[in-house]
Amino acid sequence: MPVITCIDDLKQLHKRRTPKMFYDYAESGSYTEQTFRNNTSDFAELLLRQKVAVDMSGRTTESTLIGEKVAMPVALAPVGLTGMQSADGEIKAARAAEKFGVPYTLSTMSICSIEDVAAHTSKPFWFQVYTLKDDDFMRRLFERARAANCSAIVITVDLQIMGQRHKDLKNGLSAPPKFTLKSMANLATKWAWGLEMLGTKRRFFGNIVGHAKGVSDPSSLSSWTAEAFDLTLDWKRIAKFKEMWGGKVILKGVMDAEDARNAMSVGADAIVVSNHGGRQLDGALSSIRALPAIVDAVGDKIEVHMDSGIRSGQDVLKALAMGAKGTMIGRSYIYGLGAMGEAGVTKALEVIQKELSTSMALCGERDVKNLGRHNLLIPKGFEGDWQ
Ligand SMILES: Cc1cc2nc3c(=O)[nH]c(=O)nc-3n(C[C@H](O)[C@H](O)[C@H](O)COP(=O)(O)O)c2cc1C
């Protein structure tokens with residue numbers, strides 16, 4: 001068993017153990033990948049303010065997110081095809097999150113279905129929806145999420161149309177994978193992944209196939225996706241989805257102060273400042289740079305969470321100090337899952353919590369809820385001085 005000390009160790013193992021098609025699917029951004037890269041490198045521009053001779057005993061990373069108690073303010077972000085990184089991946093990730101005490105968000109485009117994840121967990125999880133044209137399908141998705149006892153819906157508002165990821169096209173990404181000679185050669189070196197995958201029946205899009213009209217066969221899914229997403233989405237329609245669901249709503253993919261105010265006016269309980277991990281609008285600002293202006297615009301009238309680029313507990317600390325109430329991690333736990341299954345997701349969470357707690361101590365903070373801009377050295381012009 002290799003010694004895992006940081007998220008990058010999990011990433012190296014993930015790369016070694018998972019077919020290239022799926023590792024590349026996770027480790028890519030759209031087009032030139034500028035925003036994907038900046039999401040992580042901009043965190044390094046923010047520095048932490050060291051404080052000494054401050055009582056650092058009895059530290060806590062506990063907090064609340066949309067009224068739910070959490071062991072640390074870090075939720076697992078919705079990630080499509082998680083069950084292709086490791087067999088039954090959504091169930092494994094949800095169980096790891098539940099045991100750790102952080103929220104898990106199941107993607108619409110998951111391999112394990114809502115019902116399957118609910119059957120293998122005991123606490124409510126969050127369910128992410130894409131906004132589709134078909135109201136009947138949306139209504140049924142909400143009903144299924146209610147029946148599965150989901151405690152919140154995460155509506156993703158930044159993917160009506162997909163940013164292109166070159167690697168996915170070149171690799172012929174699909175679920176289940178369609179193998180070419182080249183990908184078969186790669187697969188031959190990933191026998192442990194293959195054996196696990198042979199042992200599960202969950203290899204299709206569990207929330208879609210057999211539930212959406214005209215998608216009884218997974219090969220028609222790509223055409224369904226292209227047709228199903230609602231290009232006419234506006235704030236009125238988002239308000240309608242909130243009404244259809246009738247429970248807590250988190251809007252994910254807000255990068256602009258005016259959009260954040262609109263999210264408030266449709267009654268969202270929280271927003272996630274997110275550029276989808278650099279997978280949508282290439283050329284957009286990194287999330288950590290976009291965060292402060294949004295926090296300043298909405299104050300504490302709505303909970304602000306953020307994701308994109310978090311690879312350590314220090315990054316979580318910086319996001320919270322910049323004013324986020326919570327964070328989400330995507331790739332950081334996917335690396336863990338691809339590396340070591342459920343134990344790897346747990347490891348990713350442990351690594352991040354330990355880094356967060358240690359860095360809090362060295363910043364002279366004992367309670368994660370007290371982090372603020374006073375903990376940071378923020379370079380002049382960090383947010384950008386745009387015309
Ligand atoms: C492989 C992959 C698949 C994703 N699938 C979804 C999805 O189905 N729905 C969604 O709202 N966001 C999706 N996202 C975006 C994540 O929820 C999250 O915003 C992003 O991963 C955060 O950036 P990070 O990976 O740098 O932490 C996906 C991200 C990745 C890396």
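A quick note: this is a predicted structure, and the numbers were derived from the prediction, not measured. In each ligand, atom 1 is the first atom listed, and ligand 1 is the first ligand listed. Along the sequence shown, residues carry numbers from 1.
- The shortest contact between atom 31 (C) of ligand 1 and any protein heavy atom is with R279 NH1, 3.5 Å.
- Assignment of S332 to the shell around ligand 1 is not supported, since no heavy atom sits closer than 4.0 Å.
- Annotation: side chain of T327 is not in contact with side chain of H305 (no heavy-atom distance under 4.5 Å).
- No side-chain donor-acceptor contact under 3.5 Å links T40 and R311.
- Atoms of ligand 1 lying under 4.0 Å from any heavy atom of A77, numbered from 1 in the order shown and given with element: 16 (C), 17 (O), 18 (C).
- Using a 4.0 Å cut-off to heavy atoms of Y25, the atoms of ligand 1 that qualify are 1 (C), 3 (C).
- Near V79, meaning under 4.0 Å from one of its heavy atoms, ligand 1 places the atoms 1 (C), 2 (C), 3 (C), 4 (C), 5 (N), 6 (C).
- Judged by distance alone, the side chains of S287 and D307 never bring a donor and an acceptor atom under 3.5 Å apart.
- Residue I310 has no N or O atom closer than 3.5 Å to an N or O atom of ligand 1.
- Under the salt bridge (Lys or Arg N to Asp or Glu O under 4.0 Å) rule, K240 has a single partner from D230, D135, D234, which is D135.
- In summary, the side chains of Q128 and T105 do not present any donor paired with an acceptor at a separation below 3.5 Å, with no hydrogens or angles considered.
- Annotation: H211 is not in aromatic contact with F137 [ring centroid separation under 6.0 Å not met].
- Atom 12 (N) of ligand 1 has its closest protein heavy atom at K252 NZ, 3.0 Å.
- Between the side chains of Q280 and S30, no donor N or O sits under 3.5 Å from an acceptor N or O.
- Counting atoms of ligand 1 from 1 in the listed order, those under 4.0 Å from a heavy atom of G80 are 3 (C), 4 (C), 5 (N), 6 (C), 7 (C), 8 (O).
- Scanning the protein heavy atoms around atom 14 (N) of ligand 1, the nearest turns out to be P78 O, 3.3 Å.
- The protein heavy-atom contact nearest to atom 15 (C) of ligand 1 is H276 CD2, 3.5 Å.
- Heavy-atom distances between R311 and ligand 1 reach below 4.0 Å in at least one pair.
- Taking a cut-off of under 4.0 Å to the non-hydrogen atoms of A26, the atoms of ligand 1 that pass are 1 (C), 31 (C).
- Protein heavy atom at the shortest distance from atom 8 (O) of ligand 1 is S107 OG, 2.7 Å.
- Defined by atom type and a distance below 3.5 Å, a donor-acceptor pair is missing between the side-chain atoms of Q85 and Y25.
- Heavy-atom proximity to D307, at under 4.0 Å, picks out these atoms of ligand 1: 18 (C), 19 (O), 22 (C).
- Nearest non-hydrogen protein atom to atom 11 (O) of ligand 1 is T156 OG1, 2.7 Å.
- Side-chain atoms of H120 and E98 include no donor-acceptor pair closer than 3.5 Å.
- Between the side chains of D42 and S286, a donor-acceptor pair is found at a separation under 3.5 Å.
- For atom 9 (N) of ligand 1, the nearest protein heavy atom (residue, atom name, distance) is Y130 OH, 2.8 Å.
- Atoms of ligand 1 found under 4.0 Å from any heavy atom of S274 (numbered from 1 in listed order, with element): 19 (O).
- Distance from atom 27 (O) of ligand 1 to its nearest protein heavy atom, with residue and atom name: G330 N, 3.0 Å.
- Remark: R49 CZ is loosely packed, at most 12 non-hydrogen atoms of other residues, nucleotides or ligands lying under 6.0 Å away.
- Side-chain N/O atoms of N275 and D158 include no donor and acceptor closer than 3.5 Å.
- Polar contact with ligand 1: present for R331 (N/O pair, distance under 3.5 Å).
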